[in-house]
Amino acid sequence: MKKSTFLHLRIPFSFFLLPVFMLAVAVSTQISTQNLLVVFFLLHFLVYPASNGYNSYFDKDEGSIGGLKKPPKTTKELYHVALIFDVIALMIAIFISFEFAIMVFIYGMISKAYSHPSVRLKKFPIVGWLAAGIFQGYFTFLMCYIAINDLNLADTLIWKIQFPGILSTLLLLGSYPMTQIYQHEEDAKRGDITISQKLGILGTFHFTAAAFFISSAGFFYYFDHAFSFQKALLFGVFMAPVLFYFGWWYMKVRKDRANADFDSTMRLNLVSSVMLNGYFLYLALS
């Protein structure tokens with residue numbers, strides 16, 4: 001495998017999507033340890049990297065992208081490796097359940113539609129934003145939950161499972177525009193129109209702040225009712241560093257829009273992912 005291919009798979013970037021998996025683990029009641037390990041590997045080392053590689057191949061970015069400050073040129077090998085990863089993921093998924101394999105397939109097709117020139121959801125700000133938020137949030141949460149607990153999709157139609165799934169999408173719908181905030185110029189060159197472009201730089205901050213407040217309030221309500229008031233309060237403690245960094249960065253951007261850059265975006269992703277993963281791990285262990 002060429003070095004450029006490996007870099008474009010952006011396997012470390014999967015850490016930023018880990019909180020959805022960890023939330024599913026935290027609220028699970030009948031965990032299959034074997035399934036948990038398989039799903040973790042399948043998503044973070046096959047499905048997400050395949051999506052990253054496929055999108056990179058068609059985007060052909062020259063500027064920074066999520067997880068790569070200076071992306072190398074893509075080759076046809078990247079396209080083939082991404083498809084091979086998808087096939088391997090499906091072959092593994094079928095051993096968990098047919099329903100889980102179908103959901104893995106659907107996720108893969110939506111991620112391809114996001115960047116493939118014949119569809120390219122990325123060109124449509126609202127549709128692209130909703131597709132990313134729903135399928136990386138709610139859909140992935142349910143996909144993980146049914147596999148980890150060895151259940152059918154019909155078994156998830158209860159408040160205790162549906163509500164955190166919806167909250168994960170609300171959180172992603174708010175945070176996703178922030179991942180695009182430094183790419184306005186690059187996206188415009190390709191003719192793509194993202195939700196962050198429509199909102200503008202400061203508008204993206206304002207929108208994310210509002211979405212973060214709503215989703216955090218929802219999580220507090222859920223953890224209070226599904227776990228305890230103390231655990232709900234602890235969620236706020238874990239989120240405090242995220243809020244602090246977000247506010248500090250916002251003030252810098254107000255002074256100079258150039259501060260809405262790649263490095264700051266990746267730091268926000270890292271802080272929020274570390275704190276969310278830490279909290280959900282605590283819930284799972286307790």
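Annotation: the span from Ser97 atom OG to Met103 atom CE amounts to 9.0 Å, rounded to 0.5 Å. With rounding to the nearest 0.5 Å, the separation of NE2 in His116 from CG in Leu121 is 12.0 Å. Here CZ of Phe212 is found 10.0 Å from OG of Ser175. Values are rounded to the nearest 0.5 Å. Separation of atoms OG (Ser4) and CG (Leu78) is listed at 7.0 Å; rounding is to 0.5 Å. Rounding to the nearest 0.5 Å gives a distance of 5.0 Å between OG1 of Thr156 and CD of Gln162. Here the OH-CG distance, from Tyr138 to Leu173, works out to 13.5 Å after rounding to the nearest 0.5 Å.
When atom types are taken as modelled, the side chain of Ser264 and the backbone of Asp261 share no donor-acceptor pair closer than 3.5 angstrom. Between the side chain of Thr169 and the backbone N or O of Gly133, at least one donor-acceptor pair lies under 3.5 Å. Formation of a donor-acceptor pair under 3.5 Å by the Thr140 side chain with backbone atoms of Gly137 is not found in this model. Judged by distance alone, the side chain of Asp256 and the main-chain N or O of Val253 form no donor-acceptor pair under 3.5 Å. Side-chain N or O atoms of Glu77 include none that pairs as donor or acceptor with a backbone N or O of Thr5 at under 3.5 Å. Using a distance-only test at 3.5 Å, with no hydrogens or angles considered, no donor-acceptor pair links the side chain of Asp86 to the main chain of Val47. Under the 3.5 Å distance criterion, the side-chain polar atoms of Arg257 are matched with a main-chain donor or acceptor of Arg254. A donor-acceptor contact shorter than 3.5 Å is absent between the side chain of Asn35 and the backbone of Ile148. A donor-acceptor contact shorter than 3.5 Å links the side chain of Tyr279 to the backbone of Lys231. Under a 3.5 Å cut-off, the side chain of Tyr222 and the backbone N or O of Lys160 do form a donor-acceptor pair.
A chain of hydrophobic side-chain contacts below 4.5 Å, direct or via other Ile, Leu, Val, Met, Phe, Trp or Tyr residues, connects Leu23 to Leu270. Linking Ile, Leu, Val, Met, Phe, Trp and Tyr residues whenever their side-chain heavy atoms come within less than 4.5 Å leaves Phe220 and Phe280 in two separate clusters. Note: the hydrophobic cluster containing Ile84 also contains Leu9 (ILVMFWY, side chain heavy atoms under 4.5 Å, direct or indirect links). Ile146 and Leu37 fall within the same hydrophobic cluster, defined by Ile, Leu, Val, Met, Phe, Trp and Tyr side-chain heavy atoms under 4.5 Å apart, directly or through other members. Phe41 and Val87 are not part of a single hydrophobic cluster, where members link through side-chain heavy atoms under 4.5 Å apart.
Between Gly174 and Ala211, the closest heavy-atom pair is CA-CB, 3.4 Å. Taking all atoms of both residues into account, the shortest heavy-atom contact from Ile96 to Ala147 is CG2-CB, 3.9 Å. When all heavy atoms of Thr29 and Asn149 are compared, the closest pair comes out as N-OD1, 3.3 Å. Residues Ala284 and Val25 approach most closely at CB-CG1, 3.9 Å, considering heavy atoms. For Pro177 against Leu172, the heavy-atom pair with the smallest separation is CD-O, 4.4 Å. Closest approach of Ile193 and Lys198 over heavy atoms only: CG2-CE, 3.7 Å.
Under the 30°/60° scheme for interplanar angles, the aromatic rings of Trp159 and His225 are found to stand perpendicular. In this structure, Trp249 and Phe205 have perpendicular ring planes: the angle between them is above 60°, well past the 30° mark. Between Tyr57 and Tyr79, the ring planes lie tilted relative to each other; the angle falls in the 30° to 60° range. Relative ring orientation between Phe16 and Phe13 is described as perpendicular, the plane-to-plane angle rising above 60° on a 0-90° scale split at 30° and 60°.
Not less than 6.0 angstrom separates the ring centroid of Phe223 from the ring centroid of Phe229.
Sequence neighbours left out, the pairs with a member in residues 118-136 that pass salt bridge (Lys or Arg N to Asp or Glu O under 4.0 Å) are Asp59-Arg120, Asp59-Lys122, Arg120-Asp192, Lys122-Asp187.
Taking the ring-ring contact (aromatic ring centres under 6.0 Å, His included) definition, one finds that His44 meets it with Phe21, Phe40, Tyr48, sequence neighbours left out. Every ring-ring contact (aromatic ring centres under 6.0 Å, His included) that Phe139 has, sequence neighbours left out, goes to Phe135.
For Phe6, the CZ atom is loosely surrounded, since the number of other residues' heavy atoms within 6.0 Å does not exceed 12. More than 12 heavy atoms of other residues, nucleotides or ligands shown are found within 6.0 angstrom of NZ on Lys76. Around atom OH of Tyr250, more than 12 heavy atoms belonging to other residues, nucleotides or ligands sit under 6.0 Å away.
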*Check step by step if side-chain contact (heavy atoms from CB on, under 4.5 Å) holds for Phe235 and Leu276.*
CA-CA 9 Å; Phe235 175 74; Leu276 284 169; 4.1 Å; yes
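Side chains of His8 and Thr74: no donor on one and acceptor on the other come within 3.5 Å.
In this structure, Lys112 satisfies the cation-pi test against Tyr54, with its NZ or CZ atom closer than 6.0 Å to the six-membered ring centre and inside 45 degrees of the ring normal.
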